[in-house]
Amino acid sequence: MEYRILGKTGLKISHLGLGGIPIQRIDAEGTRTLIQQMVEKGINYIDTARGYTVSEEYLGYALEGVRDKFVLATKSMSRDKASMERDIGISCKNLRTDYIDLYQVHNPSLKELEQVVAPGGALEALLEARSAGKIGHIGLTAHSLEVFEKALTYDWVETIMFPYNIVENQGEELIHRAAQQNVGFIVMKPLAGGAIENATLAMRYLNQCPDVSVVIPGMADAAELEQNLAAMADTSPLTQQELDEMDKIRRSLGTQFCRRCNYCAPCTVGIPIPSVFLMQGYLTRYNLEDWARQRYATLGAKASDCIQCGACETRCPYHLPIREMLKKAAQQFGE
């Protein structure tokens, strides 16, 4: 197992970590089995979130007796101080620990980020929790380039998590800038939310980037664990055959895959277009239908609200047929 330092946190972590979303698909005992296998293989980084329903609870159960072998990260979508204080407490209780190594602000918009750093915002709770020893370090997760770039201007941001994979490489410049600033970079969506079927190739691609601190694919069983371990262990240069296959994947997904760059905004009727497609991915590829529908239900405007004006398509740098994609999403969600 290769280990890297997670930016300015100084934490020594395995290059391969666990993304906690699929934990929702298995039970507590299955999670314990997976954690024991990770201990045996030297994987020491786990990421979960308050929003991943039972993920924190199952991981808390599974980590009993081996908590000290892991760097544990979670995150909250709370934006104000009181709510963040509450979530930190809930996370500690769920994870059965009195200390969380990395606590992250979960996917804020630029406007929400302003609330986080304002007086009475979530940052105050995080800083106080760090001073009290409840958390060790503070990070941020993002899906938009604008939030990623803004996050790099804050001294308190020690790590950034952002989508990076064969088809979503729009953040490469910012990823390199993060490395130059000694901000740890955590890869989310290494398989583009399940859209990339060749997991080995997807992991091999990420293995070529020296600016990546840790890759956190969602894993739910030993087979996925072994496959990802083998791929990450292969540090040889990509072959021409692999490069050709990656080009084929990009061409295939290029006409139907949202990179969540948010250049399509603002929608005329307020549809959060990247969020719709993100939830659609969870619905169709992650086998998390109930969770995806719950999250989709919270959106202020749904895919079915599209008035077919086409303004979003004129702004999309990938020339996606957004109107048709929204129609399909509306059909799949039934609203």
Side-chain angles (χ1 to χ4, degrees), residues 1-2 4 14-19 21-22 43 45 47 141-145 148 160-179 184-220 223-264 274 277-278 280-282 284-287 313 316-322 324-325 328:
M1 177 56 61
E2 179 186 355
R4 297 188 177 186
S14 50
H15 194 203
L16 176 66
L18 172 69
I21 289 180
I43 297 174
Y45 188 85
D47 177 86
T141 78
H143 286 89
S144 79
L145 289 170
F148 191 161
I160 292 179
M161 183 191 299
F162 192 78
Y164 183 41
N165 52 64
I166 292 171
V167 293
E168 291 181 284
N169 51 21
Q170 67 273 13
E172 283 186 337
E173 181 181 343
L174 292 175
I175 293 169
H176 184 60
R177 194 189 308 177
F185 180 68
I186 304 161
V187 174
M188 73 160 90
K189 304 290 186 291
L191 275 66
I196 300 171
E197 296 180 0
N198 188 336
T200 295
L201 181 61
M203 301 301 284
R204 287 261 296 131
Y205 170 77
L206 296 170
N207 219 12
Q208 307 296 309
C209 180
D211 298 329
V212 169
S213 304
V214 59
V215 182
I216 53 168
M219 296 183 283
E224 292 174 341
L225 179 63
E226 291 293 344
Q227 181 182 42
N228 289 327
L229 279 167
M232 293 299 284
D234 186 356
T235 58
S236 62
L238 293 167
T239 65
Q240 187 59 52
Q241 182 178 352
E242 288 175 314
L243 293 171
D244 291 342
E245 184 176 350
M246 287 192 299
D247 285 340
K248 183 178 179 180
I249 291 171
R250 291 187 184 106
R251 289 195 301 271
S252 172
L253 293 177
T255 59
Q256 57 183 299
F257 187 78
C258 173
R259 278 82 166 172
R260 297 183 286 275
C261 65
N262 209 40
Y263 291 138
C264 58
F277 296 143
L278 178 64
Q280 184 186 29
Y282 288 129
T284 60
R285 295 192 293 266
Y286 267 94
N287 193 26
E313 294 182 6
C316 177
Y318 301 101
H319 309 293
L320 298 180
I322 297 175
E324 289 302 314
M325 293 167 67
K328 184 175 181 180

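In what follows, every heavy atom counts, from backbone to side chain, and hydrogens, waters and symmetry copies are set aside. Positions are given from 1, in the same order as the sequence printed here.
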inquiry  = Please give me the minimum heavy-atom distance between Gly171 and Phe148, naming the atom from each residue.
reply    = O-CE1, 4.3 Å

ask   = Between Ala199 and Leu191, what is the shortest heavy-atom contact and its length?
value = CB-CD2, 3.7 Å

query = Taking the side chain as C-beta and beyond, is there a heavy-atom pair between Gln240 and Asp244 under 4.5 Å?
reply = yes

message = If you count heavy atoms of other groups shown closer than 6.0 angstrom to CD of Glu197, is the number above 12?
response = no

inquiry  = Just so I know, are the side chains of Asp211 and Phe185 near enough to count as touching, which here means a heavy-atom distance under 4.5 Å?
reply    = no

request  = Starting at CE of Met219, measure out to CG of Asn228 and round the result to the nearest 0.5 Å.
outcome  = 5.5 Å

key: Evaluation steps, side chain to side chain contact (heavy atoms under 4.5 Å, CB included), between Leu238 and Met246   = CA-CA 10 Å; Leu238 293 167; Met246 287 192 299; 3.6 Å; yes

remark   = Minimal heavy-atom distance between Pro163 and His143, with the atoms involved, is CG-CD2, 3.8 Å

Residues in ring pair (Phe, Tyr, Trp, His ring centres under 6.0 Å) contact with Tyr164, at least two apart in sequence or another chain = Tyr205

request  = Could you tell me whether the side chain of Arg204 and the main chain of Ser236 form a donor-acceptor pair under 3.5 Å?
outcome  = yes

task = Salt-bridge test for Lys189 and Glu168: reply yes if a basic N is under 4.0 Å from a carboxylate O, no otherwise.
result = no

ask   = Can you name the closest pair of heavy atoms from Gly17 and Val214 and give their distance?
value = N-CG2, 3.7 Å

inquiry  = Less than 4.5 Å apart, side chain to side chain, heavy atoms only: is that true for Pro217 and Met203?
reply    = yes

task = Using modelled atom types only, decide if a donor and an acceptor are shared between the side chain of Gln170 and the backbone of Arg259 within a distance under 3.5 Å.
result = yes

request  = Find the distance between SG (Cys258) and CG (Leu278) and round it off to the nearest 0.5 Å.
outcome  = 8.5 Å

query = Is the shortest heavy-atom distance from the side chain of Ile196 to the side chain of Leu201 under 4.5 Å?
reply = no

key: Reported CD-to-CZ distance for the pair Glu172 and Phe162, which is rounded to 0.5 angstrom   = 11.0 Å

query = Just wondering, do Ile21 and Tyr282 contact through their side chains at under 4.5 Å, heavy atoms?
reply = yes

ask   = At what distance, to the nearest 0.5 angstrom, does CE of Met1 lie from CD1 of Ile43?
value = 4.5 Å

inquiry  = Return the CD1 to CG distance between Ile160 and Leu174, rounded to the nearest 0.5 Å.
reply    = 8.0 Å

inquiry  = Would you say that more than 12 heavy atoms from the other residues, nucleotides or ligands in this model lie under 6.0 Å from the CD of Glu226, or not?
reply    = yes

request  = Would you name the heavy atoms of Val215 and Pro190 that are closest together and state the gap between them?
outcome  = CG1-CB, 3.8 Å

message = Less than 4.5 Å apart, side chain to side chain, heavy atoms only: is that true for Lys248 and Arg251?
response = yes

Side chain proximity check, Asn169 to Arg250, heavy atoms < 4.5 angstrom = yes

query = Is there side-chain contact between Val212 and His15, with heavy atoms separated by less than 4.5 Å?
reply = yes

request  = Return the minimal non-hydrogen interatomic distance between Ile216 and Val187, and the atom names on each side.
outcome  = CG1-O, 3.0 Å

ask   = For the atom pair CD (Gln227) and CD (Glu224), what is the distance rounded to the nearest 0.5 Å?
value = 7.5 Å

task = Starting from the C-alpha separation in whole Å, work towards a yes-or-no answer on side chain to side chain contact (heavy atoms under 4.5 Å, CB included) for Leu229 and Leu16.
result = CA-CA 7 Å; Leu229 279 167; Leu16 176 66; 3.8 Å; yes

